[in-house]
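First the structure, in the form of structure tokens, and then the observations on it.
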Protein chains: 2
Amino acid sequence: MSRKRNTTLKELSKELGLSISTVSRALNDHPDISLETKKKVKKLAKQMNYVPNLFARGFRSRETHILGVIVPNISHLFTSTILKGILDEAELRGYRVIISESNNEETKQVEMLNTMTQFGVDGVLMSLARKTKDVEEVLKILNRIPIVLFDKVSSKIPCTQVVINEEEAAFNAVEHLIELGKKRIAIIKETENSYNSEKRFAGYLRALNQYNIPVRDKLILSTEDISLGNGRRLANILISMKKRPDAIFAITDNAAIGAIKALHKFNIKIPEEIAVVGFSNSINSTIVSPALTTVDQPGAKIGRTAVRFLIQELENPTSDVMTKTVEIKTSLIVRDSSLNA
Amino acid sequence: MSRKRNTTLKELSKELGLSISTVSRALNDHPDISLETKKKVKKLAKQMNYVPNLFARGFRSRETHILGVIVPNISHLFTSTILKGILDEAELRGYRVIISESNNEETKQVEMLNTMTQFGVDGVLMSLARKTKDVEEVLKILNRIPIVLFDKVSSKIPCTQVVINEEEAAFNAVEHLIELGKKRIAIIKETENSYNSEKRFAGYLRALNQYNIPVRDKLILSTEDISLGNGRRLANILISMKKRPDAIFAITDNAAIGAIKALHKFNIKIPEEIAVVGFSNSINSTIVSPALTTVDQPGAKIGRTAVRFLIQELENPTSDVMTKTVEIKTSLIVRDSSLNA
DNA sequence: CTGAAAGCGCTTACAG
DNA sequence: CTGAAAGCGCTTACAG
């Protein structure tokens, strides 16, 4: 099938007997051009199905109006919700979005960052790969184009960072358990000191301290990979204790759901004997029974906010280095796993 | 923060005292250039952190190596799994991917298609918006660049289509229920004749016919929006029948899960009294209890296949119009909702 | 083996 | 009000 080539300004100008410049100006509603000419030009343009080659335009102005997005894993519900927000907001503002995955590999992340700049993206939105240690390469790119980090961020990279109020969210979750009368509140967190895990743990500690509840090391469990399986495994450890906890705060929904499954096996009543709270408000949290109390993270809002800050930076290049951290508010969704305790 | 501009060939050539052409050729390993020159050039290029401007390159060759992707909704797990496959395969073959959403609106779909061509994407991968009726505009675009459809497709668009074996998958699911000894098998499907719903319904009918089981209109329920809530609602109708069905085949997991929740409320034993089978193998299907028997759709494979066909078409533009339909095999995952019945 | 020049499609300062 | 020309960064046929 032979493809039609796109109509160009040249073709239009030849057809009209006008210069390319005039045609270009007419289409862009330049004030110099007479109304009559504009009409004529626009009419033919429509007829010949003219679409401007944005590539050529961007090439000249050194602006592509393309934003790069790098995330660890696109098929994570929370991530794709953020992406939705990014797409919406970008489109609204006339930007296109190129998305790629780092698969949580630091080398891949740097590689993607490099090809993105090669492609001439105007800026990059990025959620860091797990265990990103060496930020040298990222800083190099940051010298060339603006970057805005979201969700998985790092204080080692001086740029705008959009996150949820992790610490406060965790505090609220644990406070909720305390208000329920729970005293022995276990936490399931990550071994590695990821930004998110650390903050949520800090919130947990602050809540206990504020309510004068002793922090018990035995009730603080960690796992490398905070999955459903590991949630189940760690919950089993908690269940086997002589003095069981009366609540479990897992820093992800999946781990919380694993815990629920484990409690179920042992016929432990949720929330009467042990209440469970998760983090994310994933779809699963409504499917599991009892439905899971969890922290709702407004993904789309995070995405939209990140785009807004990036574009602001792009369109005001004179402003100072942006290094602010923007916190998006979360809310606790109380469901059966911690109700009527 | 003042941004460093990217190094250009011009800068390199000035520094080296060579012409731009020579530098370009050296970097591209043109056989004409002496090894010595190549070494010198490459060394400086690395030193000065030179990255070719792919934009300029693509602009000249009229190939951007960017693929456009349009999906109804990115934050659908199945969709994002397909996207994962698309990203992987595209990257492997040196293509970038621009993603956008149609939000299931036909006008938005056309709009996205237009801006994508404006952007100069080499080709488009698309899953159609629900109820896409007017394919005129799509055909117009198809005259300019190749399109490959996946998942939500339409026979009205003459191009390569990548789908799962919907009909056979549904057949297998229903056959499985029949082999369990079920005789009154209800189906929950979509009102509207979407490609997927129609095919799955056809598979259902074929299975019943093949096993000489009468098709009962009362057991065929439809809903506009095949959601969890509607699954629950329709299941309630089935439950209230004098002669209840002994199995429910819902054409989506969500609807199946809704059905399970409804059965649960009425203390109906699953699968002994009523078995349930879904379609998608979403994460939820393992979270719900009993775990749901469902059809696994290899999303990543669909994505990868679609990319492969598109690129093949791009790189062999001489070949005839491509209109083949590629079917990706699914498999039935049997879980507790239909086990030991 | 290397260079000067044209051209991809567009915009825009400069002339008229 | 309109046009000729330069230029964005690159590749490549044409000369030498």
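Hydrogens, waters and symmetry mates play no part in the numbers below; they use all other heavy atoms, side chains included. Chain identifiers are assigned alphabetically (A, B, ...) following the order of the sequence lines, protein sequences preceding nucleic acid strands; residue numbering begins at 1 within each chain.
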Review point. What pairs of residues pass the salt bridge (Lys or Arg N to Asp or Glu O under 4.0 Å) test when at least one of them lies in residues 112-129 of chain B, not counting sequence neighbours?
Key: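 Output for this query is empty, none listed.
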
Point to revise | salt bridge (Lys or Arg N to Asp or Glu O under 4.0 Å) pairs, two or more places apart, involving residues 16-27 of chain A | key: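 Output for this query is empty, none listed.
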
**Study point:** DNA chain C stem ranges, 3 or more consecutive Watson-Crick or G-U pairs under 3.5 angstrom
**Key:**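 If one scans DNA chain C for consecutive Watson-Crick or G-U pairs, the stems found are C:1-3 with D:14-16, C:5-12 with D:5-12, C:14-16 with D:1-3.
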
Distance-only check: which donor-acceptor pairs under 3.5 Å involve side-chain atoms of residues 38-45 of chain A, not counting sequence neighbours?
residue, atom, partner, partner atom, Å
A:K38, NZ, A:H30, O, 3.1
A:K42, NZ, A:D29, OD1, 3.0
A:K42, NZ, A:D29, OD2, 3.2

Review point. Are A:N53 and C:dC8 close enough that a side-chain N or O sits under 4.0 Å from OP1 or OP2?
Key: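 Indeed not, no polar side-chain atom of A:N53 lies that close.
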
Identify, with sequence neighbours excluded, every residue that meets side-chain contact (heavy atoms from CB on, under 4.5 Å) alongside [X].
X      : value
A:T107 : A:E105
B:T305 : B:V162, B:K301, B:F309, B:V326, B:I328
B:N73  : A:K84, B:S75, B:E101

Point to revise | Residue pairs involving residues 131-156 of chain A (criterion ring pair (Phe, Tyr, Trp, His ring centres under 6.0 Å); sequence neighbours excluded) | key: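 Not a single pair qualifies under ring pair (Phe, Tyr, Trp, His ring centres under 6.0 Å).
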
Could you list the protein-to-nucleotides 13-16 of chain C atom pairs, N/O on both sides, closer than 3.5 Å?
residue, atom, partner, partner atom, Å
C:dA13, N6, A:R25, NH1, 2.8

Practice item. Taking only heavy atoms on the protein side, list every residue of residues 34-48 of chain B lying under 4.0 Å from any atom of DNA chain D, sorted numerically. Key: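 Output list: empty, so none.
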
Practice item. Name all residues meeting the ring-ring contact (aromatic ring centres under 6.0 Å, His included) criterion together with B:Y95; count only those two or more places apart in sequence or in a different chain, and write none if there are none. Key: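 Applying ring-ring contact (aromatic ring centres under 6.0 Å, His included) to B:Y95 gives B:H65.
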
**Study point:** Listed once per pair and sorted, the side chain to side chain donor-acceptor pair (under 3.5 Å) pairs that draw on residues 8-20 of chain B, sequence neighbours left out
**Key:**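 Pairs touching residues 8-20 of chain B that pass the test: B:S19-B:T22.
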
